[in-house]
Amino acid sequence: MPELPEVEVVRHSLEPKLRGSRILRVVAGAHPADVVQVPLQDLAHAVERRRIVGLSRRGKTLLLELDSGALVTVHLGMTGELTLAKPGEPYPRHHHLSLVLDQGRELRYRDVRRFGRIGLVRPGEREQFERRLGPEPFAPELTPETFHRRLHQRRRAIKALLLEQSFIAGIGNIYADEALFRAGIYPGRPAGSLSLKETNQLLASLREVLAEAIARRGTTIRDYRDGLGRPGENQAFLRIYGRAPGSPCPLCGSTIQRITIAQRGTTFCPRCQPVAPITAASRSETAGSSGSRTG
DNA sequence: ACACTGCCCTGCGAGC
DNA sequence: TGCTCGCAGGGCAGTG
């Protein structure tokens, strides 16, 4: 499931190969209309004979910057793969679209579940693209204070908000669970109930799990590969996501639980992430037991 | 504006 | 062995 770290690794792996390349033509594979958000002729017209001047990322979306000022947006959804091949190599199953480039290269998009999207942002449309997305997790202007202020206005479960791309961009199910676990925050806590201290901890944990995942070239549960076809290494370091309910917490040994929040499977440790925040008083009350009293 | 539901799509693994 | 079924989930449209 490509989230911010995986998209960043794809970006990093492809950028040196794509920068300066000229797009010769667009080739449609299977079900192109399922993944391409504009008519193919419009896409072809906008990209053919254009040069790729850069590759950037916004949230989970990869942006091919063209010399016309237009952007080709690539969202990998659940199972999208953007890889380089040579023209003439056999197409894999579930190949949907290719950009044939100069210098004997072809940028290919395949997506088993077709949840991904390829779009076009014309010059002048950047602002409306940008308006749909919340801040980048690493943006310096995203301080604990501003984050706390925005959380305070919302009543949804904190995890549901972390998954909302218009609230903060780039977080998906894996890193939401990992960050909440590290911060010791119950995923179902109403967002507005987080203290400034907890918000500070959550933001720090988010940045930690994302930075570590990027350094390990992403998390490959099943399908994820970078732009050169290589899997990531971060899956071996996940602390809570993907663990079976009933198995022991790697930190405290308590029984891991699984619930549903915002239609997403949510794995957490009821002891490390208590429903009510741990206070000095409740800590001494329940020390050494699995007491679940509220206080 | 916000909260929430259903839907899209395929592969995989459990169960019979 | 071979079948069915439930599940995985990001984002968007639709509803209240």
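So that the names make sense, note that chain A is the first sequence line, chain B the second, and so on, each numbered from 1.
Taking atom NE2 on His96(A) and atom P on dT10(B), their separation rounds to 9 Å, with Å as the unit. When the P atom of dG10(C) is taken as reference, atom CZ of Arg117(A) falls 14 Å away, rounded to whole Å. Taking atom CD of residue Gln263(A) and atom C1' of nucleotide dC7(C), one finds them 14 Å apart after rounding to whole Å. Distance CZ (Phe167(A)) to P (dA1(B)): 16 Å, rounded to an integer number of Å. As a whole-Å value, the separation of Leu161(A) CG from dC4(B) C1' is 13 Å. Atoms CG (Leu133(A)) and P (dC12(C)) sit 9 Å apart, rounded to a whole Å. Here the P atom of nucleotide dT10(B) and the CG atom of Asp111(A) are 10 Å apart, to the nearest Å. As rounded to whole Å, 9 Å separates atom P of dG11(B) from atom CZ of Arg110(A).
With hydrogens and angles ignored, no donor-acceptor pair under 3.5 angstrom links the side chain of Arg155(A) to the base of dA3(B).
Taking 4.0 angstrom as the limit, Tyr241(A) places none of its side-chain polar atoms (N or O) nearer than this to OP1 or OP2 of dA8(C). The side chain of His75(A) contributes no N or O atom lying less than 4.0 Å from OP1 or OP2 of dG10(C). Residue Arg132(A) places no side-chain N or O under 4.0 Å from the OP1 or OP2 atom of dG11(C). Residue His31(A) places none of its side-chain N or O atoms closer than 4.0 Å to OP1 or OP2 of dC9(B). Here Arg156(A) reaches the OP1 or OP2 of dC4(B): one of its side-chain N or O atoms lies under 4.0 Å away.
Arg264(A) comes within contact range of at least one nucleobase, with a heavy-atom separation under 4.0 Å. Using a 4.0 Å heavy-atom cutoff across all strands shown, Arg154(A) reaches sugar-phosphate atoms only and no base atom. Nucleic acid contact class of Gly265(A) (heavy atoms, under 4.0 Å, all strands): sugar-phosphate only. In this structure, Arg258(A) reaches the sugar-phosphate backbone alone: every heavy-atom distance under 4.0 Å involves primed, P, OP1 or OP2 atoms, never a base.
Salt-bridge formation is not detected for the pair Glu6(A)/Arg57(A): no Lys NZ or Arg NE/NH1/NH2 atom is positioned less than 4.0 Å from an Asp or Glu carboxylate oxygen. The existence of a salt bridge linking Glu106(A) and Lys86(A) is excluded, since no basic side-chain nitrogen approaches an acidic carboxylate oxygen closer than 4.0 Å. By the 4.0 Å N-to-carboxylate-O rule, Glu212(A) lies close enough to Arg216(A) to be salt-bridged with it.
In this view, Val27(A) and Arg25(A), Tyr91(A), Ser98(A), Val100(A) satisfy the side-chain contact (heavy atoms from CB on, under 4.5 Å) rule, not counting sequence neighbours.
No hydrogens or angles considered: nothing links the side chains of Arg243(A) and Ser247(A) as a donor-acceptor pair under 3.5 Å.
Each of Arg93(A) and Ala262(A) was matched to the nucleotide of DNA chain B holding its nearest heavy atom; the match closer to the 5' end belongs to Ala262(A). Heavy-atom distances to DNA chain B give each of Arg222(A) and Gln153(A) a nearest nucleotide, and the one nearer the 5′ end belongs to Gln153(A).
Here the nucleotide nearest the side chain of Asn173(A), chosen from dT10(B), dC9(B), dG10(C), is dG10(C).
Checked against the 6.0 Å centroid criterion, the rings of Phe268(A) and Tyr186(A) qualify as a close aromatic pair.
In this structure, Phe115(A) forms no aromatic stack with the base of dG11(C), since the conditions of centre separation below 5.5 Å and plane angle below 30° are not both met.
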